[in-house]
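Notes to accompany the following structure.
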Amino acid sequence: MTTTHTSTSPGPPPATFSFPRDYYFPPFFTRQPQRTTFHAQCQKWSSLIQAYCRAHRIWKLSLVDALDTDLFYNKRLGKRLSMADAREIVEFMRTEGRAEWIGKPGAGEEGGTAWIWWRTPEEWAGAIAEWIDGTAQKNTVLTLYELTESEATASEEFHGMDPELLQKALNVLVKRGKAQVFGQEDQQGVKFF
Amino acid sequence: MSRKGVGLAAFDRSRITSAQYASHGNNLRSTHSTSLATQLSVFRSLLQQFAQTHAKDIRSNPNFRAEFARMCAAIGVDPLASSSGAGGKDGGSFWAQMLGGSVNDFYFELAVRVVEVCGNTREENGGLIGVKEVKDRIMSTRMEGGAEITEDDILRAVGTLKPLGSSYSTLTVGHKIYIRSIPKELNTDQSSVLEAAQLLGYVTLSMLMVNLRWPRARARTAIDDLVGESILWVDKQCEEWEYWNPGFMLEAEENANAG
């Protein structure tokens, strides 16, 4: 654990993200044996992961990749979270409604990938509907690409959103009868009511 | 004294003199007491005025508040004892009225925040939290430009919780003061471990065995007990397992910022 190998995907340095103080507490990276302590630990990790993903605009977290990033690996302390513990924490987040495994919860080495709901699809649906409302674009047709990649949404939190997540959010609106999605594949458009 | 007279008339004279002394004494006493009463009422109104005009300072300026508390202590007044004293004697409400409740309110509000912090962190620290940490946590959630508070204020606020039962109390271990929100005693071994953990933020089995000359089993028991109560967290990513006090998170962060 003490060897510092250069990670494969360090990503851009998180200039704006400041880690919470728990991140500098060495035992934070060891699963606590005591039940209530572990519960407190999970809650702290949950809010850290959500804040980190929000700051870095991460929608899906692949555990095997994330283990080498500074989220799970505090290089300054030389402490890191193990795969098993990371999985347990994401599982805790799932019970909280703040994560969802993609595919089958990967076992063993690969660890799996999970949506991190720093906003749930319902909340995203609300944010999109609000933006449509606020910019008076009801009854206009937008392409899905426009919705997340155009300059018009650059200041919105859903800018650059994962297309799959966008589908989920729009599905919520469709179910509520507030939107209609048509077209196919990468030519999809959406109309809001 | 007057010259001693001789003859019967001397008796009369001495009676008259003593009566005069007595009446003069009464006069003096009554003037004294009226002047004392005036002084007291002046003092009372001045203190009231002082507390009212400086209510804002008392709330917002920690130095001023500490000085005010010191002044009250010097003249034998405890602005807090007044309202937290049981029984509701006249003296009780007297000070509360006089200080316009501003001092009391300040500490009661602070006490509510202390209870919040203790409740929120109980899972991670087993209901034992350093006064400094409570202060830092309260300060961090305050608005910009909000009133500053000191550790002294926090201790006073904890004092106001006393009438509510024994669950909140302060505990000194080593040279650090903790607030305990779970009524549980630490035994001497546990206190020793906690004190040892103040030095580096953590302890290990061998540290205890070497420095306190404890046998392994004794060190093991004390550590396991503290871990079992969430007071210590274990870090297994080192040569020998380290047991950390969660209060150390703050200092760790300060080091990180400095480094």
Side-chain angles (χ1 to χ4, degrees), chain A residues 1-5 7 13-49 51-52 67-68 70-86 88-89 92-93 95-96, chain B residues 117-130 132-137 139-141 181-182 184 197 200-204 220 223-259:
Chain A
M1 289 300 174
T2 47
T3 52
T4 49
H5 44 238
S7 79
T16 51
F17 186 72
S18 62
F19 282 95
R21 51 199 201 89
D22 314 282
Y23 184 72
Y24 299 100
F25 185 57
F28 193 47
F29 296 85
T30 296
R31 187 197 188 284
Q32 293 306 305
Q34 220 280 332
R35 198 175 47 81
T36 52
T37 320
F38 180 60
H39 189 249
Q41 188 183 18
C42 281
Q43 281 175 332
K44 286 170 180 295
W45 268 110
S46 170
S47 54
L48 167 58
I49 292 172
Y52 183 91
L67 281 186
D68 282 329
D70 54 358
L71 173 59
F72 288 139
Y73 182 18
N74 184 333
K75 293 189 181 64
R76 207 175 61 80
L77 293 182
K79 310 278 174 195
R80 62 196 310 167
L81 207 61
S82 76
M83 174 60 88
D85 296 344
E88 206 167 347
I89 285 160
F92 171 84
M93 291 175 73
T95 63
E96 263 192 323
Chain B
V117 168
C118 288
N120 290 342
T121 58
R122 199 170 286 155
E123 262 196 343
E124 65 184 80
N125 57 29
L128 196 66
I129 186 167
K132 181 177 181 302
E133 205 196 335
V134 173
K135 188 197 91 173
D136 291 347
R137 276 176 180 267
M139 287 308 291
S140 71
T141 57
S181 58
I182 291 178
K184 177 117 186 23
L200 296 170
Y202 69 93
V203 291
T204 64
R220 177 89 268 162
I223 284 180
D224 284 351
D225 286 351
L226 289 173
V227 170
E229 287 179 24
S230 304
I231 293 173
L232 290 181
W233 288 45
V234 59
D235 176 15
K236 297 180 180 174
Q237 298 177 37
C238 20
E239 279 182 28
E240 189 186 3
W241 289 5
E242 291 168 359
Y243 296 89
W244 289 76
N245 186 312
F248 202 72
M249 281 186 212
L250 279 177
E251 285 121 84
E253 186 201 33
E254 277 153 23
N255 293 342
N257 291 342

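Reminder, nothing fancy here: chain letters follow the sequence lines and each chain counts from 1. These values consider heavy atoms only, across backbone and side chains, with no hydrogens, waters or symmetry-generated copies.
- A distance of 10.5 Å separates CD of A:Gln34 from CD1 of B:Ile231, quoted to the nearest 0.5 Å.
- Across all non-hydrogen atoms, the minimal contact from B:Val227 to A:Thr37 is O-OG1, 4.4 Å.
- For CD of B:Glu240, the number of neighbouring non-hydrogen atoms (other residues, nucleotides, ligands) closer than 6.0 Å is greater than 12.
- With hydrogens and angles disregarded, a donor-acceptor distance shorter than 3.5 Å links the side chain of A:Gln32 to the backbone of B:Val234.
- Note that CG of A:Asp22 and CH2 of B:Trp233 are 7.0 Å apart. Values are rounded to the nearest 0.5 Å.
- Side-chain atoms of B:Gln237 come within 3.5 Å of backbone atoms of A:Phe29 as a donor-acceptor pair (strictly under, hydrogens ignored).
- Minimum interatomic distance between A:Pro26 and B:Trp244 (heavy atoms only, all atoms of both residues): CG-CZ2, 3.3 Å.
- In this structure, the portion of A:Gln43 lying under 4.5 Å from any heavy atom of chain B is its side chain and not its backbone.
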